[in-house]
Amino acid sequence: SADHVTVSMGAALAPRDGLAAEDLLRKADIALYDAKSNGRNRWSFFEPSMQEHVRTKDEIARELRKAIDEDLLDVAYQPQCDSRSGRIVAIEALARWNRRNTGPVPPSSFIPVAEETGLINDLGLWILRRACQDAHCWPDLVVSVNVSPTQFKHPGFVEKVSATLEEFAFDPGRLEIEVTETVFAGRDKKALQSLRRLKDLGIKVALDDFGSGYSSLSYLRHFPFDTLKIDRDFISAMTDSPEARAIVRTIIRLGQALGMTIVAEGIEEKQQAEYLAANGCHRLQGYFLSHPLPAKDLDEFLADHEIQMEMKHQSLEVERLRSAEF
């Protein structure tokens, strides 16, 4: 089939936006950026607010570069529990940035900037290093780290991951790399090779946001994932939608048939957790269990959770003995 070519256009108007050719070209370029970032295959006319957006983006990129270089970022860890035993078995590492003058910057603001500017490679590596360093305190937990499509295309990515694991003497079997299906966009052979090389190192690979894209099923044929993460939109819709519940049940059965671990994230209610556990979902993650926590708070959470599990186990044992007496 013939390739489908689309075009994005940015325009600036004289005299409204200026008279100098240099100024008009710069503003047309800013409008072009706006057209591309709002879906491509469209045109945009320059507006003064666009300039402010570009300035803010440049400022965030500069400060983020500094934050990575000077270790001014943090990682928060969101626990995942085993749906049968209730024990914490894994944690997802999430980037956090508390900007010096303006306070916390949401990941939804700085991650896209990191993607656009190529900073995502260094940011991703920084998160991986910090997670490997911190996770020595939690030797029984799998550590899940998100990796962007840009990182996969970066030459030397797998070598850097491998070197990081060696540097921190971190067991590759405890690392789970999360990717979204955009990694496969354009049938990228390099991305696929990188995924296979990670698997060869013993690292687990998870497909994140399963069910949100168009081609998730075909990717399961092309690559042997270890883990499937159900898209959180299905989890939040389960309460009111029988269709969402049916889709979730189907994804769980599909994953089980392919020998994969199924993780549900974004669980906010006990009923959701109970439904997922009853239908065979392996790992549960969300605010119902815990918000993402700084490393020191995670230590405390794990200790408290262990005590609660022990108390629950003891009360079940007492119940069992009581019923045996009758």
Side-chain angles (χ1 to χ4, degrees), residues 68 71 73-83 85-97 107 111 120-148 151-152 157-180 183 194-195 197-210 225-230 232 260-267 281-287 289-306:
I68 294 166
D71 257 2
L73 297 165
D74 288 301
V75 174
Y77 300 95
Q78 190 166 31
Q80 297 175 359
C81 73
D82 180 280
S83 65
S85 68
R87 301 212 176 275
I88 305 300
V89 289
I91 46 176
E92 182 179 358
L94 300 157
R96 293 291 181 264
W97 181 23
I111 298 285
I120 197 72
N121 298 308
D122 292 337
L123 176 62
L125 201 61
W126 187 93
I127 295 163
L128 177 66
R129 290 175 62 80
R130 171 60 71 84
C132 288
Q133 193 179 344
D134 288 349
H136 273 296
C137 304
W138 317 301
D140 301 327
L141 302 184
V142 167
V143 179
S144 206
V145 177
N146 294 280
V147 173
S148 84
Q151 281 174 272
F152 268 99
F157 166 69
V158 178
E159 285 76 8
K160 282 180 177 168
V161 172
S162 179
T164 303
L165 293 176
E166 265 182 54
E167 183 186 342
F168 293 100
F170 197 83
D171 173 10
R174 284 182 62 206
L175 179 63
E176 186 172 78
I177 294 286
E178 286 190 29
V179 301
T180 57
V183 161
S194 295
L195 281 172
R197 287 174 64 206
L198 288 173
K199 289 264 290 183
D200 291 342
L201 289 170
I203 294 165
K204 295 179 176 71
V205 181
L207 181 58
D208 199 6
D209 300 337
F210 183 78
F225 289 95
D226 301 282
T227 308
L228 278 191
K229 289 194 88 172
I230 304 171
R232 60 176 60 235
M260 295 175 184
T261 300
I262 313 298
V263 182
E265 60 181 342
I267 305 168
C281 183
H282 302 107
R283 281 168 18 201
L284 310 176
Q285 176 183 353
Y287 289 173
L289 178 66
S290 169
H291 282 68
L293 301 165
K296 61 179 183 351
D297 294 350
L298 180 64
D299 279 330
E300 208 174 297
F301 172 84
L302 292 171
D304 287 349
H305 191 78
E306 201 55 43

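If you read the sequence from its start, that first residue is 1, and numbering goes on from there.
- Using a 4.5 Å heavy-atom cutoff, the side chains of Gln285 and Arg232 are not in contact.
- Separation of atoms CG (Asp200) and CG (Leu195) is listed at 11.0 Å; rounding is to 0.5 Å.
- Of all non-hydrogen atoms in Cys81 and Leu289, the two that sit nearest each other are N-CD2, 3.7 Å.
- For the pair Leu94 and Val75, the minimum side-chain heavy-atom distance is 4.5 Å or more.
- Within a 6.0 Å radius of CD in Glu159, other residues, nucleotides and ligands contribute more than 12 heavy atoms.
- With rounding to the nearest 0.5 angstrom, the CZ atom of Phe225 is 12.5 Å from the CD1 atom of Ile177.
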What do the steps show when you test Asn121 against Phe157 for side chain to side chain contact (heavy atoms under 4.5 Å, CB included), and what is the final call?
-> CA-CA 8 Å; Asn121 298 308; Phe157 166 69; over 6 Å; no
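- Every residue two or more places apart in sequence or in another chain was checked for a ring pair (Phe, Tyr, Trp, His ring centres under 6.0 Å) with Phe168, and none qualifies.
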Yes or no on side chain to side chain contact (heavy atoms under 4.5 Å, CB included) for Glu300 and His305, after CA distance, side-chain angles and deciding distance?
-> CA-CA 9 Å; Glu300 208 174 297; His305 191 78; over 6 Å; no
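- Gln78 places a side-chain N or O within 3.5 Å of a backbone atom of Ser290 that can act as its donor or acceptor partner.
- Contact annotation: the side chain of Val161 approaches that of Leu175 to within less than 4.5 Å [non-hydrogen atoms, C-beta and beyond].
- Across Arg96 and Pro292, no two heavy atoms sit closer than the pair NH2-CG, 3.6 Å.
- Taking each heavy atom of Pro107 and Ala95 in turn, the nearest pair found is CG-O, 3.8 Å.
- You'll find the side chain of Leu302 reaches within 4.5 Å of the side chain of Ile88, heavy atoms only.
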Where do Val179 and Asp208 land on the side chain to side chain contact (heavy atoms under 4.5 Å, CB included) test, with the steps shown first?
-> CA-CA 6 Å; Val179 301; Asp208 199 6; over 6 Å; no
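- Rounding to the nearest 0.5 angstrom, the gap separating the CD1 atom in Ile120 from the CD1 atom in Ile68 is 8.0 Å.
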Quick one: do Ile262 and Arg283 satisfy side chain to side chain contact (heavy atoms under 4.5 Å, CB included)? Show the steps, please.
-> CA-CA 6 Å; Ile262 313 298; Arg283 281 168 18 201; over 6 Å; no
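- Here the side chains of Leu73 and Trp126 are in contact, with some heavy-atom distance below 4.5 Å.
- With values rounded to the nearest 0.5 angstrom, Asp71 atom CG is found 6.0 Å from Arg130 atom CZ.
- The two residues Phe152 and Val183 come nearest to each other via the heavy atoms CD1-CG2, 3.9 Å.
- Checking side-chain atoms of Lys204 against main-chain N and O of Gly173 turns up a donor-acceptor pair under 3.5 Å.
- Under the salt bridge (Lys or Arg N to Asp or Glu O under 4.0 Å) criterion, Arg87 pairs with Glu306, not counting sequence neighbours.
- The side-chain contact (heavy atoms from CB on, under 4.5 Å) search around Ser83 returns Ala277, Leu284, not counting sequence neighbours.
- Shortest non-hydrogen contact noted between His282 and Met260 is CE1-O, 3.4 Å.
- Looking at heavy atoms from C-beta onward, Val263 lies out of side-chain contact with Ile230 at the 4.5 angstrom threshold.
- Expressed to the nearest 0.5 Å, how far NZ of Lys199 lies from CD1 of Ile203 amounts to 11.0 Å.
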Show me the donor-acceptor pairs, under 3.5 Å and distance only, between side chains in residues 139-148 and residues at least two apart or in other chains.
| unit_1 | atom_1 | unit_2 | atom_2 | d |
| --- | --- | --- | --- | --- |
| Ser144 | OG | Glu176 | OE1 | 3.1 |
| Ser144 | OG | Glu178 | OE2 | 2.7 |
| Asn146 | ND2 | Glu92 | OE2 | 2.9 |
| Ser148 | OG | Glu115 | OE2 | 3.3 |
| Ser148 | OG | Thr150 | N | 3.3 |
| Ser148 | OG | Gln151 | N | 3.2 |

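- The list of side-chain hydrogen bond (donor to acceptor under 3.5 Å, both in side chains) pairs with a residue in residues 164-175, not counting sequence neighbours, reads Arg129-Glu167.
- Residues Leu207 and Phe210 meet the side-chain proximity criterion, which asks for heavy atoms closer than 4.5 Å.
- Of all non-hydrogen atoms in Trp138 and Ala295, the two that sit nearest each other are CZ2-O, 3.8 Å.
- In this view, Val158 and Ser194, Arg197, Leu198, Leu201 satisfy the side-chain contact (heavy atoms from CB on, under 4.5 Å) rule, not counting sequence neighbours.
- Counted by atom type alone, Tyr77 and Asp134 present one or more donor-acceptor pairs between their side chains at under 3.5 Å.
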